[in-house]
Amino acid sequence: MQEILYERELNERQLEVVQSVDGPILVLAGAGSGKTKSIIYRCAYLLKEKRVAPWNILVVTFTNKAARELQERLEKLLEFPTRSLWVGTFHSVCSRILRQESANLPFHSNFSIYDDDNQLSVLKKIYKEQNIDKAKVPMGRVQNGISRYKNRLMLPEDLQARKDELDDKEGYFSKFLKIYTLYQQQLLLNQALDFDDILLYTAKLLQTNEPVRAKYQKLFQYVMIDEYQDTNQAQFQIVYQIAREHHRVCVVGDDDQAIYSFRGASIRNILEFEKDYPGVRSIRLEQNYRSTTAILELANAIIKQNRMRHPKELWSELGQGEKPRLCSYKDENEEASRIAEEINILRAKGTSLNQIAVLYRTNAQSRVFEYALMQARIPYSIVGSLYFYQRKEIKDFLGYLAALSNSSDNEALLRIINEPPRGIGTTSVNHLISYAGKNRISLYQAMHSADEVPGLQTAARTKISAFSAKLESWRKLVHSVPVLDLVKTVLEELDLVALYNASKDPKELARAENLVEFVTSVSEFAERFTSENERAPLLADYLPFVALQTGLDQVRESMESVRLMTLHNCKGLEFDSVFIAGLEEELLPHRMSMGTREEIEEERRLFYVGVTRARKRLFISYAKFRRLYDSFYFTKPSLFIQELEPYLFAGEDIDPGIQAAPRRVPKIKHKIREDQKFWRIGQTVYHKEYGKGMILNVDGEGSDATLTISFAAGKLAKIKGSFLQTEPD
DNA sequence: CTCCAGATTATTTTT
DNA sequence: TAATCTGGAG
């Protein structure tokens, strides 16, 4: 067996990370400083030199893909398989624990996992039943609130106890709490957990159940957590409960890359690590092995503007390199097509498309790039959005699988009960629902005894019984037949592919194709699973996998393509050439996140994360005019650009307006506007670029109003009031 | 029960 | 703008 040359492969600090295995360690790892490598070598060191059994090691990564890559690289390094190592995301590790420990929990081991859409449809039902006005109690806010409380380990009963402490003027909180309570009941009734529940129940279980905790403390002798700056309170508790006795915990993170506070992540976890685990050894990795100096200079200058951080500077030995380019364009279409042109130039020079990424703040921005790249005949793939699994036909089919696996999952059953249409309409379904409710049985059971359900038409009764029998026949296969065969059987008997193919609508035809592709994806999963576990996967192996699958996990490496993704999704990746688009006020920083200094700093970190993805070439751009939904906006270059010294960029395309921009930047909180004006139709107004115009229509008030203007120059545009003046300059 | 068309409404980031 | 919802006709 080959010896591993730790000293040769690692720098001094990295070596320290690898070899300090006995106490708590905090690794503050700058972008591109080789933290993944350190984690891999640390695993190798534990397994090979310290003879630790693989199942005694827990490594938590940020994505499933990162977990897979870590495992692959480790096996290559060690030259032996390490399958029983626990590597995965918090969600996948926890769902595994919950399935194992279901005897101690209020749900079965085959619980369903509910995504956002499922969550919303449960909420919708509650709103309807309770007659709640969604204008008064916005659903999105409730959904958010539930998530926030769960991340802080608070279930409805915990809130109930503290209700009196809160002042509840509008009665909003009482309403929220009622909804939260019903929501949680509904989920339990369906034997379903949402994403946050997976963490919450694991944390609570470890906190309150001594024997279970002892079991996992003993099992996970060594714990490593990547991206620790993005862990929330629930995740903190999980780690803490496991490691609080032995303290053999190694966390890796970078406060400058914390970008998930909206998900409850708290920088506290990294800043107070030393309080939680006394005797911590802190190690800093600052040498960057990824980017040229020119890029790092920009990155350092950006992040230096943040106040709340551990001061540090990235440096590398990769040479000065090309200065980043800053370009401004007329509008978002020109921005996209010019980026496509640049990509073609890079391609002509021989750059692999896989080494090019286009980054943006919001998912909606991807559309323009898709169009421009298509026009330029450049293949691309969107990383991160779960396009495939969000398609209706795929979700429907997954609904079948969920209903077969978990007969309590009423959500899933309702989704498919009349899909494809089989003559079981709303009226019949409502009869079933009320019968199920009265008798405290699941919808599935109600269907089974359709003969006893009052109110049903004879035709409906027959159809329900037939469908119920069909489901029952598939259910018999669930535990005995490999998932791939089950999928094929169900798909064939439903005859969905033929059904969609019969249509003339190209949309429907695409659905047929997608279903075929779905089968391919299941068979890919089955193949990998079989080689890892030496048996074919059952439905119960597949469902948790798809539910926790993220868009980040499924990029087809084989295809040469430019990667499009949001700034959030680019974390942990690197590319030779990176384009960051849309550096405009209200887009980056985003208008929803510029209220407080904290929010602005997080947006700035987002920009920083994007910049530090680039190895050799970096292009930053903004549009002077942007179209959003049905209106037009004149934009201002982002604060994050204005605050930078121009020398950091290659000069060519800089808008002269920028260089003259003031260095000390405006106060953040919404500026008091002298222009809380009153607009009226027919009024004459002036615009910086378009000149004189007349208001044709007013929507809203003051500077927030959207105005339709006819300009003297002949142009018609919808413009925000804040961009207009009542007097000429 | 099903289908279609017009109305409505939501627009940050994600496991 | 585009995706989803609702209501009414067949």
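As the structure is a computational prediction, the values presented were derived from the model and not from experiment. Quick note on labels: first sequence line is chain A, next is B, and so on, each numbered from 1.
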Just how far, in rounded Å, is [atom2] of [N] from [atom1] of [X]?
{"X": "A/L587", "N": "B/dT13", "atom1": "CG", "atom2": "C1'", "result": "12 Å"}
{"X": "A/N118", "N": "B/dT15", "atom1": "CG", "atom2": "C1'", "result": "14 Å"}
{"X": "A/D194", "N": "B/dT15", "atom1": "CG", "atom2": "C1'", "result": "10 Å"}
{"X": "A/F607", "N": "B/dT12", "atom1": "CZ", "atom2": "C1'", "result": "18 Å"}
{"X": "A/N151", "N": "B/dT14", "atom1": "CG", "atom2": "P", "result": "16 Å"}
{"X": "A/K125", "N": "C/dC5", "atom1": "NZ", "atom2": "P", "result": "13 Å"}
{"X": "A/L567", "N": "B/dT14", "atom1": "CG", "atom2": "C1'", "result": "14 Å"}
{"X": "A/M139", "N": "C/dC5", "atom1": "CE", "atom2": "P", "result": "10 Å"}

Over 60° means perpendicular and under 30° means parallel, so classify the ring planes of A/Y149 and A/Y180, tilted if in between.
parallel
Under-4.0 Å salt bridge between A/E419 and A/K392:
yes
[X] side chain near [N] phosphate (N/O to OP1/OP2, under 4.0 Å):
{"X": "A/N363", "N": "B/dT13", "result": "yes"}
{"X": "A/N418", "N": "B/dC1", "result": "no"}
{"X": "A/T566", "N": "B/dT14", "result": "yes"}

Please answer whether B/dT13 and A/F262 are stacked, defined here as ring centres separated by less than 5.5 Å and planes angled under 30°.
yes
Students often get this wrong, so: under 4.0 angstrom with heavy atoms, is [X] touching a base, only sugar-phosphate, or nothing?
{"X": "A/K124", "result": "sugar-phosphate"}
{"X": "A/R367", "result": "sugar-phosphate"}
{"X": "A/D116", "result": "base"}

Residues, nucleotides or ligands: over 12 heavy atoms within 6.0 Å of A/R367 CZ:
no
Can you work out whether A/E602 or A/G423 has the more 5'-proximal nearest nucleotide on DNA chain B?
A/G423
By nearest nucleotide on DNA chain B, pick out whichever of A/S428 and A/L606 is the more 5' one.
A/S428
Donor-acceptor pair (no angle test) under 3.5 Å: A/T362 side chain, B/dT13 base
no
Per the atom types in the model, does the base of B/dT12 pair as donor or acceptor with the side chain of A/R361 at under 3.5 Å?
yes
Taking the side chain of [X] as its heavy atoms from C-beta onward, which of [options] lies nearest to it?
{"X": "A/H590", "options": "C/dC5, B/dT2, B/dT12", "answer": "B/dT12"}
{"X": "A/P421", "options": "B/dT2, B/dT12, B/dT15", "answer": "B/dT2"}
{"X": "A/D196", "options": "C/dA2, B/dT14, B/dT15", "answer": "B/dT15"}

Return the set of residues passing ring-ring contact (aromatic ring centres under 6.0 Å, His included) with A/Y228 (not counting sequence neighbours), or none when no residue passes.
A/F273
Centroid separation under 6.0 Å, is that true for the rings of A/F545 and A/F525?
yes
Are the aromatic rings of A/F107 and A/Y201 close, with centres under 6.0 Å apart?
yes
Whole-Å C1' distance, B/dT13 and C/dT4:
23 Å
